[in-house]
Structure formats: structure tokens, C-alpha cells
Amino acid sequence: MKRVYNFSAGPAVLPEEVLKEAAEEMLDYRGCGMSVMEMSHRSAAFQQIIDEAEKDLRELMNIPDNYKVLFLQGGASQQFSAIPMNMMKNGKAGYIVTGQWAKKAYQEGQKYGEAIKLASSEDETFSYIPDCSDLDIPEDADYVYICENNTIYGTKYKTLPNTKGKPLVADVSSCFLSEPVDVSKYGVIWGGVQKNIGPAGVVIMIIREDLIPEETPISNTPTMLKWKTQADNGSMYNTPPCYGIYICGKVFKWIKKMGGLEAMKAHNEKKAAILYNFLDQSKLFKGTVRKEDRSLMNVPFVTGDKDLDAKFVKEAKAAGFENLKGHRTVGGMRASIYNAMPVEGVEALVAFMKKFEEENA
Ligand SMILES: *Cc1c(COP(=O)(O)O)cnc(C)c1O
């Protein structure tokens with residue numbers, strides 16, 4: 001068996017321990033005589049899986065009791081619609097556009113009300129986070145929306161925007177559980193799990209209870225997209241993504257065993273420093289993001305020469321470094337170094353980059 005170093009932006013690397021445990025339980029989950037994939041979502045065994053997943057997540061993130069945790073389907077993108085459908089009481093919301101995912105959410109918001117672009121970094125290919133300390137937020141805005149870590153461009157908010165009292169809605173798909181967060185600063189903190197937590201097919205919504213409306217302000221909101229439907233039914237109004245939730249639960253336990261989110265932060269900072277320090281002194285490679293706004297998770301870089309970029313990606317692949325090609329809108333390379341990427345993976349990548357630099361000087 002061969003395992004590569006997988007730098008994919010998502011679906012992405014998962015802890016080997018988790019994969020092994022899942023493999024061991026594949027045919028017979030703890031004496032049930034069946035796989036979790038084959039199990040009724042109404043069974044006691046599955047109820048325990050989802051309850052324990054929620055309990056562990058609450059513990060890891062220190063989620064206050066007045067927040068609901070929902071395990072849903074439809075990907076992060078589906079919530080781009082569900083958020084305005086559930087939250088646009090006054091028909092108005094502010095969006096900070098720091099990349100493609102925020103832009104898609106903003107465009108979706110425009111379908112259901114007045115989505116206002118409060119700030120943007122599109123003028124410089126989303127290579128920075130705009131100053132959000134004193135935004136012009138309308139008095140009657142229902143929420144302020146951000147994408148906290150920009151997966152494609154490799155930027156991250158180091159301080160949350162001043163929302164002037166409006167609920168903050170943050171897509172944390174690509175920085176979920178990468179470091180401690182203060183959940184009480186958010187109205188909604190949510191993301192797809194396929195970047196940093198589990199297999200594609202699950203989206204986790206953490207929503208302050210008072211933001212879950214009895215009746216959605218947008219009439220004809222599909223039953224499935226009403227947060228209340230999902231909250232009232234413990235994420236099981238219909239069949240949930242059972243196997244995905246099971247793997248997420250295992251990842252939560254793995255993070256707890258590793259020392260929780262403080263330990264994850266230290267682990268992620270260590271890896272990011274190895275790569276950024278190399279980029280900062282390299283004569284061939286350079287990072288594309290303003291230094292203060294660099295992500296711990298997604299690290300885009302370029303040589304400045306398209307052909308050389310392509311050569312690098314090709315040779316890296318042959319050497320066991322997978323998925324280093326940058327997003328099609330940015331070009332160059334991107335190394336995603338999520339929680340499950342070991343330090344050795346980043347060290348090996350940097351050693352390879354050094355060698356490539358020498359050979360192509
Ligand atoms: C990947 C990603 C998405 C899209 O997720 P889907 O589950 O494919 O809809 C949205 N936001 C961010 C920040 C992402 O990284």
C-alpha cells in the first residue's frame with residue numbers, strides 16, 4: 001500500500017488513524033453485524049453515533065447551549081440560499097466579498113433580498129482581507145456575511161469584522177476546527193466538512209437559536225431548507241448523510257486525542273511557518289497573499305512562469321506530492337495543509353521545492 005502526501009483543497013486528506021478504524025469497522029460496526037452504511041438512521045446505534053458526534057463537537061468548540069448544531073446535506077453551496085431564506089427578515093444583508101465563495105453567497109443573497117457589498121478585495125485578485133473595522137452597515141441589515149478562510153486565494157481574517165451589532169454569518173468550510181474560536185461572536189458559523197473534517201456530503205451548521213425563525217421570511221422556502229425543520233428533527237427530518245457523520249465523529253475524537261483546538265492551532269502554525277518561511281526567502285517561488293492575511297490552511301504560490309509552474313506540478317506529482325495545482329482562476333500552485341497533513345508532509349514538500357529551485361535556477 002502506498003499513501004501520497006495529498007495537498008488537495010477538498011475533498012482532502014483525512015487522519016490515517018480514522019481511515020484505519022473505519023476500515024476495521026466496515027463489515028461489522030461494533031457487533032451490529034453490519035456497516036454504518038447499511039444501518040437505519042432510526043437505529044439506536046446510529047442515534048448514538050450522531051449524539052456523540054454533536055457532543056464531541058460541542059466540547060471541542062466550546063459551543064454555548066443556546067446554539068443548535070445541525071448536520072445537513074447539500075454542501076456549503078446550498079446554504080448560500082438557505083441563509084438569506086432563513087435570515088432576511090428585513091430583506092437586507094451585508095456581504096464582504098473576499099473570494100469566489102463569498103461572491104457566490106453574495107450573488108445568491110441577491111435573489112432573496114437586497115444583498116449589499118460592504119467591502120471587497122476583488123480589485124487585487126482577492127489577495128488580501130479588506131479593513132472591516134468601520135463598514136457602512138445599514139441599520140436594518142439582518143446579518144453580515146463573511147467567508148472566514150478563502151480556500152482558493154489563501155487569505156484568512158485575523159480579526160473578525162465589526163458588524164455593529166448585526167449577527168455575523170461565517171463560512172468556515174476551510175478552517176473548521178483548525179484553531180480555537182469564540183462561537184458566541186457568531187450568529188451562524190458553518191461549513192462543508194470536506195476540507196478539514198470529513199468526507200464530502202455533510203455540512204455542519206452552528207446557529208444561535210434566536211436566528212432560527214418559526215416561519216421563514218422568504219415564503220415558499222423548501223421544507224428541507226428551513227433550519228427549523230432540521231432543528232426540530234435533530235438533523236433527521238429525512239435520512240441524513242449517515243456515513244459521513246460517522247467519519248466526522250471519528251475526526252472529532254482524533255482532534256480531542258491530539259489535544260483539542262489549541263494543539264491543532266500549534267500544529268497548523270508550525271506547518272504553515274515551514275512553508276511560508278521557505279517562500280519568503282526563495283528566489284524562485286513566491287507567495288501570492290499579503291503577509292498579514294495569510295491562511296494557515298491554503299498556501300498559494302507561483303514561480304511567475306506558467307511553464308515552470310506546470311513543470312513543478314508534474315514533477316511533484318511524480319515524487320508523491322499530489323494536488324498541488326492552483327485553482328484555475330489563480331494559476332500557479334496551492335498547497336492545502338489541513339489538520340490531517342503531517343508536519344513531515346510539509347517538510348518533504350519544502351525539501352522538494354528547494355531541489356526544484358536548484359535544478360531550475
Ligand atoms: C469548498 C468551499 C465551498 C463549497 O462547498 P460545497 O460543499 O462544494 O458546496 C464553500 N465555501 C468554502 C469556503 C469552501 O472552501
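In each ligand, atom 1 is the first atom listed, and ligand 1 is the first ligand listed. All heavy atoms count here, side chains included; hydrogens, waters and symmetry mates do not.
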Engineer: What residue and heavy atom of the protein are closest to atom 11 (N) of ligand 1, and at what distance?
Structural biologist: Asp171 OD2, 2.6 Å

Engineer: Using atom types as modelled and distance alone, determine if a side-chain donor or acceptor of Asp28 lies under 3.5 Å from a backbone N or O of Cys32.
Structural biologist: yes

Engineer: Considering non-hydrogen atoms of the protein only, which is the closest contact for atom 5 (O) of ligand 1, and what is the distance?
Structural biologist: Ala76 CB, 3.4 Å

Engineer: Any chance the side chains of Lys265 and Asn268 put a donor and an acceptor closer than 3.5 Å?
Structural biologist: no

Engineer: Quick one: are Val203 and Met205 in side-chain contact, heavy atoms under 4.5 Å?
Structural biologist: yes

Engineer: Parallel, tilted or perpendicular for Phe312 and Phe356, by the 30°/60° rule?
Structural biologist: perpendicular

Engineer: Out of curiosity, is Gly192 lining ligand 1, as in a heavy atom under 4.0 Å away?
Structural biologist: no

Engineer: Among protein heavy atoms, which lies nearest atom 2 (C) of ligand 1, and at what distance?
Structural biologist: Lys195 NZ, 2.4 Å

Engineer: Ignoring hydrogens, just give me the one of Cys147, Gly75, Ser77 whose non-hydrogen atom is nearest atom 9 (O) of ligand 1.
Structural biologist: Ser77

Engineer: State the atoms of ligand 1, each with its element, that fall below the 4.0 Å cut-off from a heavy-atom position in Thr151.
Structural biologist: 12 (C), 13 (C), 14 (C), 15 (O)

Engineer: For a ring pair (Phe, Tyr, Trp, His ring centres under 6.0 Å) check, start with the C-alpha distance between Tyr128 and Tyr153, then their side-chain angles and the critical distance, and finish with the verdict.
Structural biologist: CA-CA 9 Å; Tyr128 70 102; Tyr153 304 92; over 10 Å; no

Engineer: Any N/O of Gln78 closer than 3.5 Å to an N/O of ligand 1?
Structural biologist: no

Engineer: Which option wins on minimum heavy-atom distance to atom 6 (P) of ligand 1: Met297, Lys104, Gln194?
Structural biologist: Gln194

Engineer: Check this for me: Lys158, atom NZ, are more than 12 non-hydrogen atoms of other residues, nucleotides or ligands nearer than 6.0 Å?
Structural biologist: yes

